[in-house]
Amino acid sequence: MYGQIHMCARSLVLEKFGEEAWNKILEKSGADDAEHFMTFHCYKDSLTISLIVTISEVLGVPLPTVLEIFGEYFFTYCLQTGYDKMLMTLGDNIETFIQNLDSLHALLSVTYVSMDAPSFRLTCEPDPDVSGAIRLHYYSSRAGLYPIVVGVLKAVGRHIYDLDVKAEVVEINKAEAAQETYEHVTFRFFTKTRKQETGAKSPTSAKPAISAGGATDISLTYPPSTIVGAKDFCNIFPFHVAFNKNLELVQCGAKVQTMTNFSTLKHPRLDDIFTLLYPKMPLTFDHIQRFINSAKKVVDGSDELKHKVDTNRLVLKGQMVWLEENNYMVYIASLRVSSLTELQERGLYLSDIPVYDVTRELVLLNQQRIAEIDIAKKLDQTMAELKRTSSALEREKAKTEMLLSQMLPPKIAMQLRDGKKVQAEKFRQVTILFSDIVTFTNIAAAVQPTDIVSMLDEMYSRFDKLTTLHDVYKIRIGIHTGSVVAGVVGQKMPRYCLFGDTVNTASRMESNGIPACIHCSETTYRALQTHDYRFVDRGQIIVKGKGSMHTYFLIGNATKSIPLSEDFNSTTNFSSVATIEGMMSLNSAVPTPSPPVPASTTSVQPLMTKLPEDNCMTFPDKKTKMHKTIAGILLHGLVDIGQSFRNIPEK
């Protein structure tokens, strides 16, 4: 089916159910929003069916209901996309509208050359089972799509003829025609005039024929005999044939005789010379009478040659009329060509087409139309490529924004992205953390550079994972709490920087700390008093540039403890404060430390003398071990602190 069908389905879902539902349908069906929605591109039926089935599954609507809704929407979609006048003038009532659908499809097939349209037929006699009902016969090479017809009928009645239409399926059969099997569905439908609302427009349908000056009262006269001889008739109508009820040919136009095998047959029959392409029915006299109001499209050759790719074959399209006086059926047809190229391939010229035949004008007009369609196809392909490029660009943009938001606070990242000037901000209470890998210089000298990179990558990966989990932005160990001013420095390579004495003091806490310990200033200690953390009072120490400072070591909370290294030895006091739910447990391999001694005690034994072996990092070349305190144990505690500070209201 053509991409126009896919575009209609997309428009329906987006309008009725929203973009989120459509994205789910695309993902599940495997359809590409750019590649599979080009108007003049013909796609495999399997893709279209898969799309419709997926719509049913995602929306949770039964497939027949989806097809009926699609039928209604498709007709409205056609009215809105330039086919409104064509549809409005197809018939003066719903019956003639249906009878002329085959002719409309034949016209559209000039543009949509690969279109395999269904066929429709109304029975002349009333429905034998229900009074007032009309029988509609539907033939299609695609099984199971007949609910679309119900939706189309309802939309036609409502939008053109101001009718309420109720349709139901009578029976479903298989029909054979031209060595192909078709689904034959018989519908029974009823129509009822809709109630007019106040101020509503009158229906556009069922207009009576216009008569002027009593023209309908004129008596028609006919000559006693025709003045046109048989030879002249065959030349005037070069593409006609006449046959009896047995399909035996009794007369052929001049071009039919020269362009088919008519002259080689002793007793030629219609089905010896032609194969019926349209409507979809067997080529029998009975079926011809049933479809007497439909345009007939035939190709020279038997059914076996129907699908043969041969541009020289004669294709005719016209009307069959029953001559009651002579009991003959005459087929008055025109050459079916859509371009000058086809005309040349058949060895014909415009002069071979009768002057009265509009096929001449249609060929020339369609030649221009073909050029326009080629441009439209290229535009479709260009738009599809632009959509793919745009999608790729959006994905890369998302990656860039994610990377930027990891390097900078989201608020700052958005301002930079939008080209806005970032104003410096003052924060009253910020906790800053500095970290240091103890003896890093010695480690770097002892191992390969690639191992150093691997070690740092592992450590920072763990650190990033924890900070992301707890929504903590770029904590760095030594901790101090105070006010800072933050702002962006630079334009080509913007950097988000913190300024103030708080930054310097936090750095001093790290440089004056003890390996494998969390060293805190007194302001940080006091900020955490509303949470259940335990500290070791380090007492007064001399800090470069700050003088004497009272500092603490964080050793845990009520549920877990942070092991201290062998370097820790102090006479301190303990204090404990409140608990935060959701704290991460320490590495299970770390022994539980001894309980804290009372505050009156003046000395404390080291909480642990050695870190366990499974908490060490080993390099393959030097077998050098390094405690993963920063990447493992300490980080758990540090992230908990970050979580606590996020819960402290700004003063």
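Fair warning: this is a prediction, and the values are worked out from it, not measured in the lab.
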Within-4.5 Å side-chain heavy-atom neighbours: [X] and [Y]:
X	Y	value
Gln251	Phe233	yes
Tyr138	Pro118	yes
Val363	Leu335	no
Leu47	His6	yes
Val149	Leu136	yes
Lys85	Thr89	no
Arg336	Ser109	yes
Tyr161	Thr191	no

Just checking [X]: does its [atom1] atom have more than 12 heavy atoms from other residues, nucleotides or ligands closer to it than 6.0 angstrom?
X	atom1	value
Glu361	CD	yes
Tyr139	OH	yes
Glu19	CD	no
Tyr356	OH	yes
Glu95	CD	yes

Classify the angle between the aromatic ring planes of [X] and [Y] as parallel (below 30°), tilted (30 to 60°) or perpendicular (above 60°).
X	Y	value
Phe40	Tyr112	parallel
Phe74	Tyr77	parallel
Phe285	Phe243	perpendicular
Tyr43	His41	tilted

Please report the C-alpha distance between Leu26 and Phe37 in whole Å, then the side-chain angles of each, then the deciding distance to 0.1 Å, and finally whether the side chain to side chain contact (heavy atoms under 4.5 Å, CB included) criterion is met.
-> CA-CA 12 Å; Leu26 284 179; Phe37 292 84; 4.1 Å; yes
Is there a side chain to side chain contact (heavy atoms under 4.5 Å, CB included) between Arg188 and Arg135 once you walk through the steps?
-> CA-CA 5 Å; Arg188 176 192 297 124; Arg135 288 256 175 142; 3.6 Å; yes
Restricting to non-hydrogen atoms, name the atom on [X] and the atom on [Y] that form the minimum distance, rounded to 0.1 Å.
X	Y	result
Leu270	Leu249	N-CG, 3.8 Å
Ser29	Ser50	O-OG, 4.0 Å
Glu35	Met38	O-CE, 3.4 Å
Thr186	His184	OG1-NE2, 3.6 Å
Ala21	Val58	O-CG1, 4.2 Å
Leu314	Phe239	CD1-CE2, 4.2 Å

Counting distance only, does the side-chain N/O of [X] pair as donor-acceptor with the main-chain N or O of [Y] below 3.5 Å?
X	Y	answer
Asp357	Thr359	yes
Asn235	Lys231	yes
Asp162	Thr193	no
Glu183	Gly144	yes
Ser56	Val61	yes
Asp380	Thr39	yes
Asp232	Val228	no

Test applied, side chain to side chain donor-acceptor pair (under 3.5 Å); reference residue, Lys154; option that passes from Glu72, Glu68, His159 | Glu68
Please lay out, stage by stage, how Thr48 and Asp45 fare under the test side chain to side chain donor-acceptor pair (under 3.5 Å).
-> CA-CA 5 Å; Thr48 308; Asp45 285 355; 5.3 Å; no
Could you grab the distance from atom [atom1] of [X] to atom [atom2] of [Y], nearest 0.5 Å is fine?
X	Y	atom1	atom2	value
Thr76	Asp84	OG1	CG	12.0 Å
Glu168	Phe187	CD	CZ	10.5 Å
Cys234	His240	SG	NE2	4.5 Å
Leu277	Leu316	CG	CG	10.0 Å
Glu342	Leu348	CD	CG	11.0 Å
Gln80	Cys8	CD	SG	9.5 Å

CA sep, side-chain torsions, deciding dist, call: Glu396, Lys399, salt bridge (charged side-chain N to carboxylate O under 4.0 Å, His left out) = CA-CA 5 Å; Glu396 293 303 318; Lys399 291 179 183 178; 3.5 Å; yes
Given Ile98, which of Leu122, Val156, Leu90, Val152 fulfils the side chain to side chain contact (heavy atoms under 4.5 Å, CB included) condition?
-> Leu122
Salt bridge flag under 4.0 Å for residues Arg388 and Glu385 | yes
Going by an N to O cut-off under 4.0 Å, is there a salt bridge joining Lys387 and Asp32?
-> no
Using distance alone, with no hydrogens and no angle criterion, decide if Glu15 and Tyr73 have a side-chain donor and acceptor under 3.5 Å apart.
-> yes
Under the side chain to side chain contact (heavy atoms under 4.5 Å, CB included) rule, what do Ile55 and Phe70 come out as? Steps first, then yes or no, please.
-> CA-CA 11 Å; Ile55 291 174; Phe70 177 80; over 6 Å; no
Would you please test Ile375 and Lys378 for side chain to side chain contact (heavy atoms under 4.5 Å, CB included) and show each step?
-> CA-CA 5 Å; Ile375 294 173; Lys378 291 178 181 178; 5.8 Å; no
